[in-house]
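Working notes, beginning with the structure itself.
Counting starts at 1 for both ligands and their atoms, following the listed order. In this chain, numbering begins with 1 at the start of the sequence shown.
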Amino acid sequence: MAKIVRLPGLVDIHVHFRDPGETHKEDFYTGTLSALANGVTTVFDMPNNLTPVFTEEVLQNKITIARQKAVCDWGLYFGSTGDNLAEFAKVADKVVGLKVYLSLTTGKYVVGDEDKIKAIFASWPKEKVIVFHAEGDRVDLVIKYTEKFGNKVHITHVSTEADLEKIIAAKKNKLSITCDVTPHHLFLTEGDCPCNGETVPNLYFVKPPLASQKDQDFLWQNLTFIDCLSSDHAPHLMEEKQSSRPPAGLPGLDTLLPLMMTAVSQGRLSLNQLIQLTSVSPAKIFSLSQNDSTFVEVDPEEEYQIDNHKLLTKCGWSPFDDWLVKGKVKRVYLRGRKVFEKGQLLVDSGYGKNVI
Ligand code: NCD
Ligand code: ZN
């Protein structure tokens, strides 16, 4: 009988459930189910829906949907392009943070104008997090204004040596800045992208793009400066990804924990580091109360093959299809209740609670 490992429930601070608007890709039920089955007991959903979460009314509607459908705990982000500052005071205590896009991605909600970026920093409450998608020179901007305005800032899905180096320097300067990386940037590189005989973009098209081996090595070598892991679970249908103009994004909730447990078994990080990255740090950054009765039981020895046909995400595919992983979720407890065992969900839609 293998020794079962108990982990605190994972917190994934970056997912896209497409609900409402594109529920053929994912919705709050299927998204939170794929989270829970894979040890993630809390998810924070991004605001780049078809109708972006830029007003209190749109937010309120999304809260109602999540409350009805979610099976794991959840929080929502508000979004801004700098044109909705008047909404901030109305929504700040209803969300886990603000998401701001400074580099191009799905939804095209990028803030280009520096005055608008400054206005966002000045207007969002200082004690609440702003999560930035920032690459290259946009990282310099974020650091500059974090220094000037003193906000609590988090840079998500850092993927290159150059960007992480800047963040490490800012941290050494005692700036209140944190960051996360995704498993796809830790396990895939630009060299892994089969281009179907054509040019990229292809199935592996994602923002930020998969980077070089050198970038990936730098992420692994500097895990101590990385605060969290996030899946950036960005479901799109396979047929969309295989079209001539594929949308950017990779699904990742089904594979985050097994990939990372595999890395633990290979000695690439310690179990304690994994717990810090997936639970302790995200809870600290977002001031979540941690609950001892929310935990995951994993068999660290059980090997299995990731299989597109067995995934719970509605989009039905993974960039890690066929990968052999080691570490299988056996049971999940959420707020004292056994919610998942032997492949079965044991609670109804709506069991998941808003963390706010
Ligand atoms: C995300 C999506 O599809 O919503 N896509 C992606 O490539 N990561 C958006 C994002 O997080 O940038
Ligand atoms: Zn994202």
Taking heavy atoms and a distance under 4.0 Å, where does [X] meet ligand 1: side chain, backbone, both or neither?
X: T156; answer: neither
X: H16; answer: side chain
X: H157; answer: side chain
X: V206; answer: both

- [ ] To the nearest 0.5 angstrom, please state how far the OG1 atom of T156 sits from the CD1 atom of I13.
- [x] 5.5 Å
Task: Spatial distance of atom CD (E22) from atom CG (L237) [nearest 0.5 Å] - done: 9.0 Å
I want to know if ligand 1 touches [X] in the polar sense, i.e. an N/O pair below 3.5 angstrom.
X: A248; answer: yes
X: K99; answer: no
X: A234; answer: no

Should the ring pair [X] and [Y] be called parallel, tilted or perpendicular, given that the plane angle runs from 0 to 90° and is split at 30 and 60?
X: F320; Y: W323; value: perpendicular
X: F132; Y: F121; value: parallel
X: F187; Y: W220; value: perpendicular

- [ ] Decide, counting backbone as well as side-chain atoms, whether H157 has an N, O or S atom less than 2.8 Å from the Zn ion (ligand 2).
- [x] no
Open item on the list: I'd like to know if the Zn ion (ligand 2) has an N/O/S atom from H16 within less than 2.8 Å of it, counting both backbone and side-chain atoms.
Closed with: yes
Task: Backbone N/O of D180 and side chain of D227: donor-acceptor pair under 3.5 Å - done: no
Open item on the list: Taking G249's backbone N and O only, do any of them form a donor-acceptor pair with K241's side chain (distance below 3.5 Å, no angle check)?
Closed with: yes
- [ ] In plain terms, say whether E341 and R331 are close enough for a salt bridge, that is, a side-chain N and a carboxylate O under 4.0 Å apart.
- [x] yes
Relative to the heavy atoms of [X], which atoms of ligand 1 are at a distance of less than 4.0 Å?
X: G249; answer: 5 (N), 6 (C), 7 (O)
X: H14; answer: 11 (O)
X: H133; answer: 12 (O)
X: H236; answer: 3 (O)

Open item on the list: Tell me whether H233 reaches ligand 1 (any heavy atom closer than 4.0 angstrom to a ligand atom).
Closed with: no
- [ ] Identify the heavy atoms of V91 and W124 that sit nearest to each other, and give their distance.
- [x] CG2-CZ3, 4.3 Å
- [ ] Kindly give the heavy-atom pair with the smallest separation between L85 and A119, and that separation in Å.
- [x] CD1-CB, 3.6 Å
TODO: Measuring from the Zn ion (ligand 2), name the closest N, O or S atom belonging to D232.
DONE: OD1
